Amino acid sequence: RRAATRSHLPAQQLRDRPAVRSSLMTAMGRAYTGLGLPAPAKEVLADALRDREKVAGATARSTTETRSALASALYLDGQYEAAEKQFRTALASARRLTPTGDAMVASILNGLGDSLSQLGSDSEAASVYREALAIDQRLFGSESLESALMLQGLGSTLYFAGRYQDVEPLMLRVLAI
């Protein structure tokens, strides 16, 4: 915890350079999330998001990426409704930036699908995963790791929805990849 507090110092020293500061804080927040530390991740990402919105605007790509990172930290912390809200806001911005969808859109859809699944909205989660899967297959191919991860998310959602007959073929595809 002490290291997490000390790591805020460089960001505090960059108050007069908000674009650099928010980039650094977004990276720090992602690192905290990757380490399974949602509390410091949420703190630095919320701060970074405020900076991004001031400097770049609410719908800029950098702001959308930071918002998605914050949503992931909220998800990790079990705050699924708050994560869903942030993922939906990020998705709306990402769709405006790339109407045909890119890796960022697919990643946000994956997070939204995870959140919806945790909230028991299995039908919507499955639809979201299918959209993300279509983007990943178009971008990376049907045999990619990205596609396998989306298939796994879809399969898990269908399993929890009781659609067992649909799960096995998906999971066999995941194993084949």
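Computed from a predicted structure; not experimentally measured.
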How far apart are the closest heavy atoms of [X] and [Y], and which atoms are they?
X	Y	result
Leu45	Ala69	CD1-O, 3.4 Å
Gly162	Gln165	O-OE1, 4.4 Å
Ala132	Asn110	CB-N, 4.4 Å
Asp136	Ala106	OD1-CB, 3.3 Å

Counting C-beta onward and ignoring hydrogens, is there a side-chain heavy-atom pair between [X] and [Y] closer than 4.5 Å?
X	Y	answer
Leu49	Gln86	yes
Thr66	Glu53	no
Lys42	Gln79	yes
Tyr75	Gln118	yes
Leu158	Leu170	yes
Leu175	Met171	no

Just verifying a value: how many Å separate [X] [atom1] and [Y] [atom2], rounded to the nearest 0.5 Å?
X	Y	atom1	atom2	value
Arg130	Leu154	CZ	CG	5.0 Å
Leu112	Arg88	CG	CZ	5.0 Å
Ser23	Met28	OG	CE	12.5 Å
Glu84	Leu116	CD	CG	5.0 Å
Met104	Ser107	CE	OG	9.0 Å

Within the side chain of [X], is there an N or O that forms a donor-acceptor pair under 3.5 Å with the backbone of [Y]?
X	Y	result
Ser22	Ala19	yes
Ser147	Phe140	no
Thr63	Thr59	no
Ser117	Gly113	no
Thr33	Ala41	no
Ser72	Ser68	yes

May I ask you to decide whether [X] forms a salt bridge with [Y], counting only side-chain N to carboxylate O separations under 4.0 Å?
X	Y	result
Asp102	Arg61	yes
Glu65	Arg52	no
Glu146	Arg138	no
Arg95	Glu131	yes
Arg163	Asp122	no

When clusters are formed by joining ILVMFWY residues with side-chain heavy atoms under 4.5 Å apart, either directly or through shared neighbours, do [X] and [Y] land in the same one?
X	Y	value
Met25	Val20	yes
Leu151	Leu139	no
Phe87	Leu70	no
Leu97	Val105	yes
Ile177	Leu149	no

**Message:** As a quick check of understanding, evaluate side-chain contact (heavy atoms from CB on, under 4.5 Å) for Arg21 and Asp47, giving each step before the final call.
**Reply:** CA-CA 10 Å; Arg21 180 177 184 273; Asp47 202 14; 2.6 Å; yes
**Request:** Go through the steps for Leu76 and Leu37 under the test side-chain contact (heavy atoms from CB on, under 4.5 Å), then give the verdict.
**Result:** CA-CA 8 Å; Leu76 179 65; Leu37 300 169; over 6 Å; no
**Item:** Atom CZ of Arg17: over 12 foreign heavy atoms under 6.0 Å
**Value:**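 Count not over threshold, so no.
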**Prompt:** Around Tyr159, counting heavy atoms of other residues, nucleotides and ligands shown, do more than 12 lie under 6.0 Å from its OH?
**Reply:**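 Counting neighbours around OH of Tyr159, 12 or fewer heavy atoms of other residues, nucleotides or ligands fall under 6.0 Å, so no.
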**Request:** Given side-chain contact (heavy atoms from CB on, under 4.5 Å), test Leu91 with Arg96 step by step and report yes or no.
**Result:** CA-CA 9 Å; Leu91 182 59; Arg96 282 191 291 276; over 6 Å; no
**Request:** Return yes if a side-chain donor-acceptor contact under 3.5 Å exists between Tyr80 and Asp114, otherwise no.
**Result:**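 Note: Tyr80 and Asp114 side chains miss the donor-acceptor criterion.
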**Request:** With side-chain contact (heavy atoms from CB on, under 4.5 Å) as the test, would you mind laying out the steps for Leu109 and Tyr129 before giving the verdict?
**Result:** CA-CA 7 Å; Leu109 285 166; Tyr129 283 127; over 6 Å; no
